**Student:** 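A single structure is presented below for examination.
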Amino acid sequence: MDKIHLNKDALKFRDEILGSPGGENLLKCYACGACAASCPVREVDERYNPRRIIHMVLLGMREEVLRSDFIWLCSTCYTCSERCPQGVRLSTIMQVLKNIAVREGIVPPSFQMQLKAIREQGKLYEIEDFDNKKRSRMGLPELEKKCPDVDILMQGGTLRDVK
Ligand code: SF4
Ligand code: SF4
């Protein structure tokens with residue numbers, strides 16, 4: 001691994017997270033690993049390690065963190081936040097990292113596709129004729145392919161504007 005040089009820019013990233021709501025206790029992390037040990041995502045993918053991500057943030061590895069697929073794997077289950085003895089709100093920090101990545105246009109293609117699907121049809125998954133046939137066999141009403149209120153909401157309307 002390349003040497004890590006702590007410079008002012010590195011500290012700026014750390015301070016950015018420290019100054020974000022939920023990031024206040026970042027420096028209290030003492031690397032106990034309780035977050036990694038209790039993370040359900042890590043249970044299925046050993047490469048994912050929330051403790052490592054926190055330490056990359058502490059070392060100011062901005063590009064590496066924001067460009068990493070791993071921040072997107074966090075399911076925001078809050079287990080790590082519940083278990084952290086130091087009150088590091090890791091799940092909130094993951095959200096902060098995702099928000100910064102989005103602001104900088106670093107969004108994995110799969111999330112962009114999900115966003116497109118929600119914008120266009122108001123649903124994450126397309127409703128096919130096959131789905132409605134299955135529903136009708138089970139006595140369930142048909143689902144519309146496009147949520148009728150999505151255009152109102154996407155044009156800045158609120159739920160109050162939806163009939
Ligand atoms: S549980 Fe908390 S203190 Fe322990 S490594 Fe994770 S973030 Fe750090
Ligand atoms: S909030 Fe994210 S990092 Fe924390 S335990 Fe859940 S999946 Fe793992």
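Source: prediction; values computed, not measured. Both counts, for ligands and for their atoms, begin at 1 and track the order of listing.
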**Student:** Can you list the atoms of ligand 2 that are under 4.0 Å from a heavy atom of Ser75?
**Tutor:** 2 (Fe), 7 (S)

**Student:** Under 4.0 Å from ligand 2, counting heavy atoms only, is it the side chain of Tyr48, its backbone, both or neither?
**Tutor:** side chain

**Student:** Which residue and non-hydrogen atom of the protein lie closest to atom 1 (S) of ligand 1, and at what distance in Å?
**Tutor:** Cys35 N, 3.3 Å

**Student:** Of the listed options (Ala37, Cys77, Ser38, Pro50), which comes nearest to atom 5 (S) of ligand 2 when hydrogens are ignored and any heavy atom counts?
**Tutor:** Cys77

**Student:** For ligand 1, which atoms sit closer than 4.0 Å to a heavy atom of Ala31?
**Tutor:** 5 (S), 8 (Fe)

**Student:** Please state which protein non-hydrogen atom is closest to atom 2 (Fe) of ligand 2 and give its distance, to 0.1 Å?
**Tutor:** Cys74 SG, 2.4 Å

**Student:** With a 4.5 Å limit on heavy-atom distance, are the side chains of Gln121 and Glu126 in contact?
**Tutor:** yes

**Student:** Within a distance under 4.0 Å of any heavy atom of Ala34, pick out the atoms of ligand 1 and give their elements.
**Tutor:** 1 (S)

**Student:** Taking everything shown except Tyr125 itself, do over 12 heavy atoms lie less than 6.0 Å from its OH?
**Tutor:** no

**Student:** By number and element, which atoms of ligand 2 are closer than 4.0 Å to a non-hydrogen atom of Val41?
**Tutor:** 7 (S)

**Student:** Which protein heavy atom lies closest to atom 8 (Fe) of ligand 1, and at what distance to 0.1 Å?
**Tutor:** Cys29 SG, 2.4 Å

**Student:** Ignoring hydrogens, what is the shortest heavy-atom contact between Val65 and Ile71? Give both atom names and the distance.
**Tutor:** O-CD1, 3.9 Å

**Student:** Quick one, Asn99 and Val96 - any side-chain contact, counting heavy atoms below 4.5 Å?
**Tutor:** no

**Student:** Between Glu120 and Lys116, is there a side-chain N and carboxylate O pair less than 4.0 Å apart?
**Tutor:** yes

**Student:** Quick check: do Glu16 and Ile100 have side-chain heavy atoms less than 4.5 Å from each other?
**Tutor:** yes

**Student:** Going by distance alone, is a donor N or O of one side chain under 3.5 Å from an acceptor N or O of the other, for Thr76 and Gln95?
**Tutor:** yes

**Student:** For Leu90, counting its heavy atoms only, list the atoms of ligand 1 lying under 4.0 Å from any of them.
**Tutor:** 7 (S)

**Student:** Looking at Cys80, which atoms of ligand 2 are within less than 4.0 Å of one of its heavy atoms?
**Tutor:** 1 (S), 3 (S), 4 (Fe), 5 (S)

**Student:** Using a strict threshold of under 4.0 Å (side-chain N to carboxylate O), is an ion pair present between Arg47 and Asp69?
**Tutor:** no

**Student:** Mark up the atoms of ligand 2 that fall under 4.0 Å of a heavy atom belonging to Ser91, in ascending order.
**Tutor:** 1 (S)

**Student:** Below 4.0 angstrom from a heavy atom of Tyr30, which ligand 1 atoms are there? Numbered from 1 as shown, please.
**Tutor:** 3 (S)

**Student:** From Cys84, does some N, O or S atom reach closer than 2.8 Å to atom 4 (Fe) of ligand 1?
**Tutor:** no

**Student:** Any N/O/S of Cys32 under 2.8 Å from atom 8 (Fe) of ligand 1?
**Tutor:** no

**Student:** Numbering the atoms of ligand 2 from 1, which are under 4.0 Å from a heavy atom of Pro40?
**Tutor:** 5 (S)

**Student:** Heavy-atom count around Arg135 CZ within 6.0 Å, excluding the residue itself: above 12?
**Tutor:** yes

**Student:** Is a salt bridge present between Glu128 and Lys133, judged by a nitrogen-to-oxygen distance below 4.0 Å?
**Tutor:** no

